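Worksheet for the structure shown next.
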Amino acid sequence: MTFSVLAACGSEQGSEKAGVQDEPLSEADLERAVITDADLDGYEVERILAAPSASRRTADPAECAPVVQALGGSSGFTATARVGRMISSKKHGSGASMILSSHSAGDAARVIDAFRTAAERCKTFKDIGVDFRYDEVALQPEPDHGDESVSLRLTQLVADSEDEEPIRVPFAVVAVRQGTTVAMFYEFNRPRGPRGTDPAVVPEAVIAAQLNKLGKLSTAAHGTVGPVMSRPSAS
């Protein structure tokens, strides 16, 4: 954002939303914070590439681009650092790919806002880069993770031509902001796999393990009162 007045206002509001952790983590910090096999029973964790540059993936309509970008674990905002992991179940259950992104306080909040807004407005759209369509875009009840979070399910339509009956591939995305770090989890079901056309799911165990480890690092690095696991529900 180049307009100084708007940028200043956005940065101030973002800082208020970011909570206790107001300094972006470095790549070395993220590497210490990302989960490993030792943090998660029953899963294997492998490194995947993640660049700090803003995603250039686009959509039709254009306002749906944040959802397309989140399907790759990224956003339209440049990060201070990003690290990625693929988490696979040892028992052939659901796993997830995950990208941890470190941002300024303002941008971390904007990543979540942009994703939520696009998910609310876009019920069907096209990923221009790979020419896939998506439909059945549906926000899920907001999970109580981190400082704020968004959960989304949608279906990818895969076909070689417009006349061909598309294969329907269920996807799930969960985006969580914890301080100035955004965790993007995404998963899909293979159409001919054991879950077939069932809704895709990001395992809660994976999300909880990652946020717990990230919270512990934030506590040590910034002297906060403790890890932010989830927000208490309203009574």
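Please read all numbers here as calculations on a predicted model, not as lab measurements.
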Here the gap from Glu27 atom CD to Thr80 atom OG1, rounded to the nearest 0.5 Å, amounts to 11.0 Å
Can you tell me how far apart SG (Cys64) and CD1 (Ile128) are? Round to the nearest 0.5 Å. 10.0 Å
Closest heavy-atom pair and its distance - Ala33, Leu217: CB-CD2, 3.5 Å
Give me the atom names and distance for the closest heavy-atom approach of Leu100 to Leu30. O-CD1, 3.7 Å
For the side chain of Glu136 and the backbone of Thr155, is there at least one donor-acceptor N/O pair under 3.5 Å apart? no
Are the side chains of His103 and Val111 in touch, meaning some heavy atoms are under 4.5 Å apart? yes
Here the pair of heavy atoms bringing Ala119 nearest to Lys123 is O-NZ, 4.0 Å
Apply the test salt bridge (Lys or Arg N to Asp or Glu O under 4.0 Å) to residues Glu31 and Arg85: give CA-CA distance (whole Å), side-chain angles for both, the deciding distance (0.1 Å), then the verdict. CA-CA 10 Å; Glu31 288 290 351; Arg85 296 293 187 272; 2.7 Å; yes
Contact between Glu148 and Asp113 at the side-chain level, heavy atoms closer than 4.5 Å - yes or no? yes
Does any N or O in the side chain of Glu187 come within less than 3.5 Å of the main-chain N or O of Val201, such that one atom is a donor and the other an acceptor? no
Short side-chain to backbone donor-acceptor contact, Asp39 and Thr36, under 3.5 Å: yes
Single-linkage hydrophobic cluster, 4.5 Å side-chain cutoff, Phe185 and Leu25 together: yes
Spacing of Asn212 atom CG and Ile207 atom CD1 [to the nearest 0.5 Å]: 13.5 Å
Indicate yes or no: at least one non-hydrogen side-chain atom of Met184 is less than 4.5 angstrom from one of Ser74. no
Ile87-Leu214 co-clustered via ILVMFWY side chain contacts under 4.5 Å: yes
Please check: side-chain N/O of Gln210 versus main-chain N/O of Ile35, any donor-acceptor pairing under 3.5 Å? yes
Are any of the side-chain heavy atoms of Lys126 and Asp131 separated by less than 4.5 Å? yes
State whether a side-chain donor-acceptor pair under 3.5 Å links Gln140 with Ser151. no
Thr124 to Pro61 - nearest heavy-atom pair and separation: O-CD, 4.1 Å
Check the hydrophobic clustering (I, L, V, M, F, W, Y; side-chain heavy atoms under 4.5 Å; chains of links allowed) and say if Tyr43 and Val176 are grouped together. yes
Are Arg32 and Lys216 packed together at the side-chain level, in the sense that at least one heavy-atom pair is separated by less than 4.5 angstrom? no
Whether the side chain of Arg177 engages the backbone of Arg110 through a donor-acceptor N/O pair (distance < 3.5 Å, no angle test) should be reported. no
Judged by atom type as modelled, is there a donor-acceptor pair below 3.5 Å linking the side chain of Lys90 to the main-chain atoms of Gly42? no
On a heavy-atom basis, which atom in Ser101 and which in Gly73 lie closest, and how many Å separate them? OG-O, 4.5 Å
Do the non-hydrogen side-chain atoms of Ser94 and Pro203 ever get within less than 4.5 Å of each other? yes
Report yes or no: do Tyr186 and Val182 belong to one cluster of Ile/Leu/Val/Met/Phe/Trp/Tyr joined by side chain heavy-atom distances under 4.5 Å? yes
Test item: Leu71 and Gln156 side chains (from C-beta on) under 4.5 Å apart, heavy atoms: no
Nearest 0.5 angstrom please: Thr181 OG1 to Asp29 CG, how far? 8.5 Å
Just how far is it from atom CZ of Phe171 to atom CG of Leu154, taken to the nearest 0.5 Å? 7.5 Å
Measure the acute angle between the ring planes of Tyr134 and Phe125, then classify it against the limits of 30° and 60° as parallel, tilted or perpendicular. parallel
Do Met98 and Val34 pass the side-chain contact (heavy atoms from CB on, under 4.5 Å) test, and can you show the C-alpha distance, the side-chain angles, and the key distance before you say yes or no? CA-CA 9 Å; Met98 178 195 65; Val34 73; 3.5 Å; yes
Quick one: pull up CG in Leu139 and CZ in Phe115 and give me the separation to the nearest 0.5 Å. 7.5 Å
Should Phe77 and Val173 be counted in the same cluster of Ile, Leu, Val, Met, Phe, Trp and Tyr side chains packed under 4.5 Å apart? yes
I'd like to know if the side chain of Gln178 and the backbone of Leu211 have a donor-acceptor N/O pair within less than 3.5 Å. yes
Side chain Asn189, main chain Asp198, donor-acceptor under 3.5 Å: yes
Provide the closest heavy-atom pair for Leu49 versus Ile99 in the form atom of the first, atom of the second, distance. O-CD1, 4.4 Å
